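Keep in mind that what you see is a predicted model, and the values were worked out from it rather than measured.
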2 protein chains.
Amino acid sequence: MRFSEKKIATILRQHGYKFTPQRRIVIQTVASSQDHLTAAAIYERVHQEHPNIGLVTIYRTLDILAKLGLICELHAGGSCRSYTTGASEHHHHLICSNCGKVIDFSGYDLSQLEQRLSLETGFDIEDHLLEFIGLCQACQKEVR
Amino acid sequence: MRFSEKKIATILRQHGYKFTPQRRIVIQTVASSQDHLTAAAIYERVHQEHPNIGLVTIYRTLDILAKLGLICELHAGGSCRSYTTGASEHHHHLICSNCGKVIDFSGYDLSQLEQRLSLETGFDIEDHLLEFIGLCQACQKEVR
DNA sequence: TATTAAATGATAATAATTTTCAATTACAAC
DNA sequence: GTTGTAATTGAAAATTATTATCATTTAATA
């Protein structure tokens, strides 16, 4: 993952947030998986070891981490967000519309387009989202 | 808008869907606005003139139209989809994270990247989503 | 015009997320 | 190290967004 735990703690504090044990655990959980996890999935995992940590705390922590850019938020087709630190360098997604599998890819640069848009519209662009949606190989067979 | 009402009716029928008065009204409503509208917003507008059309019908119609590519679905930050026919040519979005304003832009071609990803991963890519998130000019002032 | 599969509206159900609030806790200042 | 304070927590309830169910109606072919 891109940021050490210590670094994350510092960034949190710099923004007036506390670095609580609960938050540490959420961060570790997200970091320990390669996949994108939904809040519910993270909760499940956390809950096994720490049954007293509530789902709401998960939501709140993910919100903050995403806002600070420490984890990456994905808005796949449905109405459910998921999160990863994975290779938390900036990357993009390829999502299977059937099984929900996510493949990350990077190395595609959008900064020129971003600059153009910024100039044309006066927007202060903070982030972007590039996602391709399709069928993974396994699901291509399954669906026919 | 890109498709005439007649064309849409034909496409619906070709896919085994009926072209009902309710659907016609939903289509007209979406087409009559430049903005991206949520299902709820569309319902509100429809409801004024046609109080007997239910929200569920709106959802169902939007689903079908989006599936057939007749309208464009947007997954902005929150957990809420919105729809537009606007300049229903393929386009991308610039979204204000504060007020939700959406600016469409087009003329950016991703087909080469799409082809590369398709080859590399074996995915059958059906669609993509490119969204920039930031603050519009008005909100930049407001936020500070 | 009759037939039939698809669509509708109402209601209920589910899913995802947010709010509220009293109790607790991290951490900066002393 | 103690302390004060603002931030955080967990539980429960509330909202929001969306989907399923089902009896009734209707569009579109034959």
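- Comparing Ala40(B) and Ala9(B), the nucleotide of DNA chain D nearest to each residue sits closer to the 5' end for Ala40(B).
- The separation between Asn52(A) atom CG and dT8(D) atom C1' is 14 Å, rounded to whole Å.
- Distance CD1 (Ile58(B)) to C1' (dA17(D)): 14 Å, rounded to an integer number of Å.
- Residue Pro21(A) has its side chain nearest to dA26(C) when only dG9(C), dA26(C), dG10(D) are considered.
- Among the heavy atoms of the strands, none lies under 4.0 Å from Pro51(B).
- One atom, CZ of Arg24(A), and another, C1' of dT8(D), lie 15 Å apart when rounded to the nearest Å.
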All N/O pairs under 3.5 Å across the protein-nucleotides 19-23 of chain D interface:
none

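- Of the options Ile95(A), Ile133(A), Ile103(A), a side chain to side chain contact (heavy atoms under 4.5 Å, CB included) to Phe123(B) is made by Ile103(A) and by none of the others.
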Legend entry - Intermediate values then yes/no, side chain to side chain contact (heavy atoms under 4.5 Å, CB included), Arg13(B) and Phe19(B): CA-CA 7 Å; Arg13(B) 292 202 193 92; Phe19(B) 186 65; 3.7 Å; yes
Inset, instruction - Applying side chain to side chain contact (heavy atoms under 4.5 Å, CB included), run through His128(B) and Glu131(A) and close with a yes or a no. - result: CA-CA 5 Å; His128(B) 64 258; Glu131(A) 298 175 0; over 6 Å; no
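- Smallest separation of non-hydrogen atoms from Ser82(A) and Thr38(A): CB-N, 3.9 Å.
- Between dG9(C) and Gln22(B), a contact under 4.0 Å exists linking OP1 or OP2 to a side-chain N or O.
- Residues passing the ring pair (Phe, Tyr, Trp, His ring centres under 6.0 Å) test with Tyr43(B), sequence neighbours excluded: His47(B).
- The interatomic distance linking Leu12(A) (CG) with dT9(D) (P) rounds to 10 Å, in whole Å.
- Between Ile42(A) atom CD1 and dA16(C) atom C1' there is a gap of 14 Å when expressed in whole angstrom units.
- Atom P of nucleotide dT8(D) and atom CD1 of Ile25(A) are separated by 16 Å, given to the nearest angstrom.
- Of all the heavy atoms in Lys18(B) and Arg23(B), the pair that sits closest is O-NH1, 2.9 Å.
- Taking atom CG on Leu65(B) and atom P on dA7(C), their separation rounds to 12 Å, with Å as the unit.
- With values rounded to the nearest 0.5 angstrom, Glu73(B) atom CD is found 10.5 Å from His36(B) atom NE2.
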Legend entry - Verdict with supporting geometry, Thr84(B) and Leu37(B), side chain to side chain contact (heavy atoms under 4.5 Å, CB included): CA-CA 7 Å; Thr84(B) 189; Leu37(B) 300 176; over 6 Å; no
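- Between Cys96(B) and Cys139(B), the shortest heavy-atom contact is SG-SG, 3.7 Å.
- Contacts between residues 13-20 of chain B and DNA chain D, defined by a heavy-atom separation below 4.0 Å, involve Arg13(B), Lys18(B), Phe19(B), listed by number.
- Between Arg23(A) atom CZ and dT25(C) atom C1' there is a gap of 12 Å when expressed in whole angstrom units.
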